[in-house]
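Note: hydrogens, waters and symmetry copies are ignored here, and every other heavy atom, side chains too, is used. Just follow the structure's listing: the first ligand is 1, and inside any ligand the first atom is 1. Everything numeric in this text was worked out from a predicted model, so none of it was measured.
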Amino acid sequence: MRVILMGPPGAGKGTQADLLINKLGILHISTGDMFRKALKEKTSLGLEAKKYMDAGELVPDNVTVGIVKERLAEPDCKKGFLLDGFPRTIPQADALENTIKELGAGLDKVINIAVDRDVLVQRLTGRRVCKECGATYHVMFNPPKAKDVCDDCGGGLYQRSDDTVETVNNRLLVYEEQTAPLIDYYRKKDLLLEVNGDQEVEQVTNDILRALGRVKA
Ligand code: ADP
Ligand code: AMP
C-alpha cells in the first residue's frame with residue numbers, strides 16, 4: 001500500500017504515522033525527519049536544509065524531490081510506504097507521480113488530516129520531541145510521565161527550533177499558499193480521503209483505518 005498523509009504542520013501526521021505503520025506493515029517516510037537527520041549528521045544536505053527550516057520556508061523542490069526519489073528506489077520500499085510531509089507543492093506531487101510510475105506502481109490513497117489554525121498553533125508550540133528516538137509528546141495534550149524525559153527510551157526531550165510562535169506563523173502561511181492546493185489536486189484525481197484531526201489520537205487513527213477500508217465501519 002502506498003499512501004500520502006497530508007495536513008498542515010501540527011495536524012498529527014507524525015503521531016498517526018507511527019501508529020499506522022505497524023497496523024499497515026509499511027514504511028514511514030518523513031521528509032522533515034530526513035532533513036533533521038541530515039542536519040544532526042552535519043551533511044551538506046542538512047546544512048542547506050537548515051537555512052529554510054529555521055525560517056519556516058520550504059526546502060527547494062529539486063533538493064526535496066531528489067532525496068525522496070532516491071529513498072523510494074530502495075528495496076525496502078517495495079512493501080509499501082506512508083509519506084508524511086511530502087509532497088508539499090504541486091511540482092513535488094507531479095514528480096512523485098512520475099517516480100511511482102517509473103517504479104511500476106501507483107498511489108493508493110491520500111489522507112488529509114484537517115485541524116483548525118488555533119489548535120495547530122497550540123499543538124506546535126507545545127510539541128516536544130525525544131532527542132534519542134524521535135517520539136513526539138505535547139506539554140498539555142500528551143505529556144511524558146516524567147518532565148522532559150521520554151517514556152519509551154529515557155532520552156531527553158527538546159523543542160524543535162521551528163516550533164516557536166514566529167516560525168509557526170510563517171509555516172502555516174507557507175502551508176496555505178503552497179501545500180493546501182494539493183487537497184484539490186488529489187480530490188480531482190479521486191484519491192482524497194478527509195479525516196477530522198481535532199479528535200483524540202486513537203479516534204483519528206480509527207477514522208484513517210476506516211477510510212482506508214482496514215476496519216469495519
Ligand atoms: P505533524 O507531524 O503533522 O506536524 P505531530 O504528529 O508532530 O504533527 O503533532 C503535533 C503535536 O500535536 C505533538 O505535540 C503531538 O503530541 C500533538 N498531537 C498530535 N495529535 C494530536 C491529537 N489528536 N490531539 C491532541 N494533540 C495531538
Ligand atoms: P516537518 O517535519 O514535516 O514539519 O518539516 C520541517 C521542515 O522541513 C519544513 O518546514 C521544511 O522547511 C522542510 N521540509 C519538510 N518536508 C518538505 C517538503 N516536502 N518540501 C520542502 N521542504 C520540506
Side-chain angles (χ1 to χ4, degrees), residues 4-21 28-39 45-46 48-69 71-72 82-96 99 111-116 118-130 134-144 150-151 157-164 166-175 177-179 182 195-208:
I4 297 174
L5 206 50
M6 269 196 352
K13 301 181 296 297
T15 302
Q16 292 301 327
D18 284 342
L19 297 167
L20 289 165
I21 49 165
H28 175 199
I29 298 180
S30 153
T31 39
D33 285 350
M34 288 163 90
F35 289 134
R36 278 183 291 277
K37 181 167 179 279
L39 182 57
L45 169 73
E48 166 78 2
K50 180 178 166 35
K51 292 187 280 186
Y52 301 95
M53 293 168 85
D54 282 351
E57 299 289 335
L58 296 185
V59 177
D61 284 343
N62 62 331
V63 176
T64 311
V65 165
I67 62 162
V68 173
K69 244 182 134 163
R71 182 67 187 92
L72 296 188
L82 193 157
L83 284 171
D84 155 11
F86 183 93
R88 263 174 152 104
T89 64
I90 303 264
Q92 289 183 14
D94 288 338
L96 176 66
T99 302
I111 310 277
N112 185 49
I113 307 179
V115 178
D116 287 344
D118 52 339
V119 178
L120 294 172
V121 174
Q122 257 189 319
R123 283 192 187 177
L124 289 167
T125 52
R127 173 163 58 188
R128 298 293 182 272
V129 183
C130 176
T136 301
Y137 296 85
H138 190 281
V139 289
M140 272 159 55
F141 307 139
N142 177 27
C150 178
D151 293 349
L157 304 188
Y158 77 104
Q159 180 173 30
R160 275 172 48 174
S161 58
D162 58 349
D163 278 346
T164 57
E166 305 77 50
T167 313
V168 160
N169 281 332
N170 195 41
R171 286 164 68 201
L172 293 174
L173 202 70
V174 166
Y175 168 81
E177 286 174 354
Q178 302 194 50
T179 308
L182 289 176
V195 169
N196 172 14
D198 196 3
Q199 312 179 79
E200 294 290 327
V201 169
E202 196 186 335
Q203 188 58 49
V204 180
T205 311
N206 285 341
D207 284 2
I208 293 173

>> Looking at Q92 and R88, would you say the former's side chain and the latter's main chain have a donor-acceptor pair under 3.5 Å?
In response: yes
Protein neighbours of ligand 2 with a heavy atom under 4.0 Å, given by chain and number, are T31, G32, F35, R36, M53, E57, L58, V59, T64, G85, F86, R88, Q92, R160, D162, R171
Heavy-atom contacts under 4.0 Å to ligand 1, chain-then-number order, include exactly P8, P9, G10, A11, G12, K13, G14, T15, R123, R127, T136, Y137, H138, F141, G197, Q199, E200, V201
Report task. Would you sort out whether N142 and V201 count as a side chain to side chain contact (heavy atoms under 4.5 Å, CB included), showing the intermediate values? Result -> CA-CA 10 Å; N142 177 27; V201 169; over 6 Å; no
- Is there side-chain contact between L124 and T167, with at least one heavy-atom pair below 4.5 Å? no
Interatomic distance, CG@L83 vs CD1@I111, rounded to 0.5 Å, equals 12.5 Å
| request: Show your working on side chain to side chain donor-acceptor pair (under 3.5 Å) between Q122 and D118 and close with a plain yes or no. | output: CA-CA 6 Å; Q122 257 189 319; D118 52 339; over 6 Å; no
* Between R171 and D163, is there a side-chain N and carboxylate O pair less than 4.0 Å apart? -> yes
Can you tell me if K13 uses its side chain to pair, donor with acceptor, with the backbone of G7 under 3.5 Å?
-> yes
> Hey, is the main chain of A11 close enough, under 3.5 Å, to the side chain of R123 for a donor-acceptor pair?
Replying inline: yes
Notebook entry, point to check: When you measure from the side chain of D84 to the backbone N and O of H28, does any donor-acceptor pair fall under 3.5 Å?
Noted result: no
